[in-house]
2 protein chains.
Amino acid sequence: MDAKAVLKAHIAKVVQLTDEQFDYVFSHFKPHSYKKGQAIISEGDKVDCEYFVLEGCLKSFYINDEVKMYILQFAMPTWWASDYNALYSGSKATISVDCITDSQVLSLCNADREKLCNEIHAVEHFFRWRTNKGYVASQKRLLSFMNNDARHRYEELMALYPALYNIVPKQLIAAYLGVSRETLSRLYNS
Amino acid sequence: MDAKAVLKAHIAKVVQLTDEQFDYVFSHFKPHSYKKGQAIISEGDKVDCEYFVLEGCLKSFYINDEVKMYILQFAMPTWWASDYNALYSGSKATISVDCITDSQVLSLCNADREKLCNEIHAVEHFFRWRTNKGYVASQKRLLSFMNNDARHRYEELMALYPALYNIVPKQLIAAYLGVSRETLSRLYNS
DNA sequence: GTAACTGTGTGACCTACATCACATTCAAAG
DNA sequence: CTTTGAATGTGATGTAGGTCACACAGTTAC
């Protein structure tokens with residue numbers, strides 16, 4: 001399935017666009033190929049775009065003063081990633097995004113998204129829906145953080161996204177769970 | 001300022017509605033008065049509405065199997081609260097909402113919100129904007145949870161919402177920070 | 001081949017915070 | 001004014017998980 005078909009199917013799950021509307025929407029997306037390890041957004045960058053994953057796997061992450069990394073999100077195919085705070089507010093990136101594996105993505109810049117949302121009501125509806133999803137997922141993860149210990153969160157993650165286990169180094173899984181890699185190692189070896 | 005004016009000012013910060021449009025939108029909101037301690041959404045309820053706070057203070061919270069409470073959000077005037085997962089998905093409430101102080105709120109039911117979003121493009125834009133805000137705030141809080149210790153999170157919260165210190169029992173602040181009330185007590189007495 | 005680098009396991013120790021127990025303060029109700 | 005109960009403070013002790021140190025793969029670079 002090509003980029004266009006993937007995006008079309010993704011949007012069609014939520015709203016109906018005519019073919020002309022979709023073609024118009026799609027014309028605002030730009031395809032990109034990235035290699036494993038390549039950065040898409042780095043701390044301090046001006047953030048203009050968000051990214052829709054076609055193939056591969058991205059991560060969005062924060063690195064603190066002690067150079068410890070925390071992963072906000074793994075982005076698999078048909079997921080979106082960016083530093084949304086920076087994207088919406090126009091501030092510099094504090095969240096970075098890079099590639100865990102070789103990846104194909106489509107970029108959509110903020111101005112174009114807003115333009116499309118303004119021009120096509122259904123597109124605005126789509127993005128409201130998508131952000132809702134993200135919001136609810138984020139709340140759930142927050143609760144899981146408060147409520148559950150590391151083992152529980154690990155099992156939750158593996159149940160939800162078993163594919164991650166093979167694709168993603170365990171260091172990164174630890175950084176997503178908010179534990180040290182040593183602790184994670186001890187968790188599943190017992 | 002009456003309910004109508006408060007909501008109008010709140011929406012006007014984001015989108016422009018004509019007076020007729022706003023009157024129409026407002027006609028879908030219902031005013032409610034609640035007493036301190038009164039429940040608005042209880043675990044297991046069918047969730048039909050979200051709530052816009054005019055006066056007072058609500059909390060949305062989760063209670064786990066060991067009857068420990070975790071607070072997702074304090075809702076002050078002009079904030080919104082509900083169990084959004086249940087509201088959007090039609091499932092039963094796992095998140096509860098109740099009143100920390102006597103409160104005045106406006107309710108908007110899910111079907112009406114969707115209807116209004118569909119009928120008036122600007123309203124859909126408003127709700128997309130609002131959910132964006134919530135999403136970004138939730139991500140920030142998640143990061144703070146992973147990155148910072150309890151003292152840091154406490155100071156962050158007090159810097160952001162100093163008003164909470166006077167209004168909200170410290171038990172509840174602890175439940176928001178995700179620490180025991182004993183730990184919180186030790187934190188600010190040193 | 002070997003070097004260098006990145007990822008992972010494992011032991012020894014340390015710390016932030018939870019839990020339990022009880023004392024105290026404060027506010028509401030009689 | 002007294003009683004009751006909720007909210008808060010504080011000590012003693014337990015534990016999940018962090019940190020540091022080092023060993024041992026598995027890859028990539030030469």
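Convention: sequence-line order gives letters A, B, ...; per-chain numbering from 1.
Separating the NZ atom in Lys92(B) from the CD1 atom in Ile41(B) is a distance of 13.0 Å, to the nearest 0.5 Å. In this structure, the separation between NZ on Lys170(B) and OH on Tyr154(B) is 6.5 Å, given to the nearest 0.5 Å.
Per the geometry, CG belonging to Leu172(B) stands 8 Å off P belonging to dT8(D), to the nearest Å. Nucleotide dT19(D) holds its C1' atom 9 Å from the NZ atom of Lys68(A), rounded to whole Å. The distance from atom CE of Met69(B) to atom C1' of dA7(D) is 13 Å, rounded to the nearest whole Å. The CG atom of Leu177(A) sits 11 Å away from the P atom of dG17(D) (whole-angstrom rounding). Protein atom CZ of Arg151(A) is 14 Å distant from nucleotide atom C1' of dT15(D), rounded to whole Å. Atom pair Lys170(B):NZ and dT10(D):P shows a separation of 13 Å (rounding to whole Å applied). The distance between atom CG of Asn189(B) and atom C1' of dA7(D), rounded to the nearest whole Å, is 14 Å. In this structure, Leu184(A) places its CG atom 15 Å from P of dT19(D), rounding to the nearest Å.
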Please write out each protein N/O paired with an N/O of nucleotides 22-26 of chain D under 3.5 Å, distance rounded to 0.1 Å.
none

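When each of Asp149(A) and Glu182(A) is assigned the nucleotide of DNA chain D with its nearest heavy atom, Asp149(A) is the one assigned upstream, toward the 5' end.
Closest approach of Asp83(B) to Thr94(B), counting heavy atoms only: OD2-N, 3.0 Å. Closest approach of Ile167(B) to Met76(B), counting heavy atoms only: CD1-CE, 3.8 Å.
Axis orientation changes by 40° from one end of the helix from dG1(C)-dC30(D) to dG30(C)-dC1(D) to the other, with each end axis drawn from 5 pairs and the value rounded to 10°.
Trp129(A) has its ring centre no less than 6.0 Å from the ring centre of Phe127(B).
A salt bridge links Asp23(B) to Lys4(B): one of the charged nitrogens lies within less than 4.0 Å of a carboxylate oxygen. Remark: Glu156(B) does not engage Arg141(B) in a salt bridge, criterion side-chain N to carboxylate O under 4.0 Å.
Contact annotation: side chain of Arg186(B) to base of dG11(D), donor-acceptor pair present below 3.5 Å.
With hydrogens and angles disregarded, a donor-acceptor distance shorter than 3.5 Å links the side chain of Ser103(B) to the backbone of Cys57(B).
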| task | For Trp79(B) and His10(B), run side chain to side chain donor-acceptor pair (under 3.5 Å): C-alpha distance rounded to whole Å, both residues' side-chain angles, the deciding distance at 0.1 Å, then the answer. | result | CA-CA 9 Å; Trp79(B) 296 32; His10(B) 175 63; over 6 Å; no
| request: Please report the C-alpha distance between Gln104(A) and His32(A) in whole Å, then the side-chain angles of each, then the deciding distance to 0.1 Å, and finally whether the side chain to side chain donor-acceptor pair (under 3.5 Å) criterion is met. | output: CA-CA 6 Å; Gln104(A) 308 291 325; His32(A) 304 267; over 6 Å; no
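In the model, Tyr176(B) has no side-chain atom that pairs as donor or acceptor with a side-chain atom of Gln73(B) under 3.5 Å. Between the side chains of Gln139(A) and Tyr84(B), no donor-acceptor pair is found at a separation under 3.5 Å.
A close approach under 4.0 Å does occur between a side-chain nitrogen or oxygen of Ser185(B) and OP1 or OP2 of dG9(D).
Boundaries of the chain A contact region on DNA chain C are dG7(C) to dA12(C), first to last in 5' to 3' order (nucleotide atom under 4.0 Å from a heavy atom).
No engagement by Gly37(A) is indicated, since no non-hydrogen atom pair under 4.0 Å with the nucleic acid exists.
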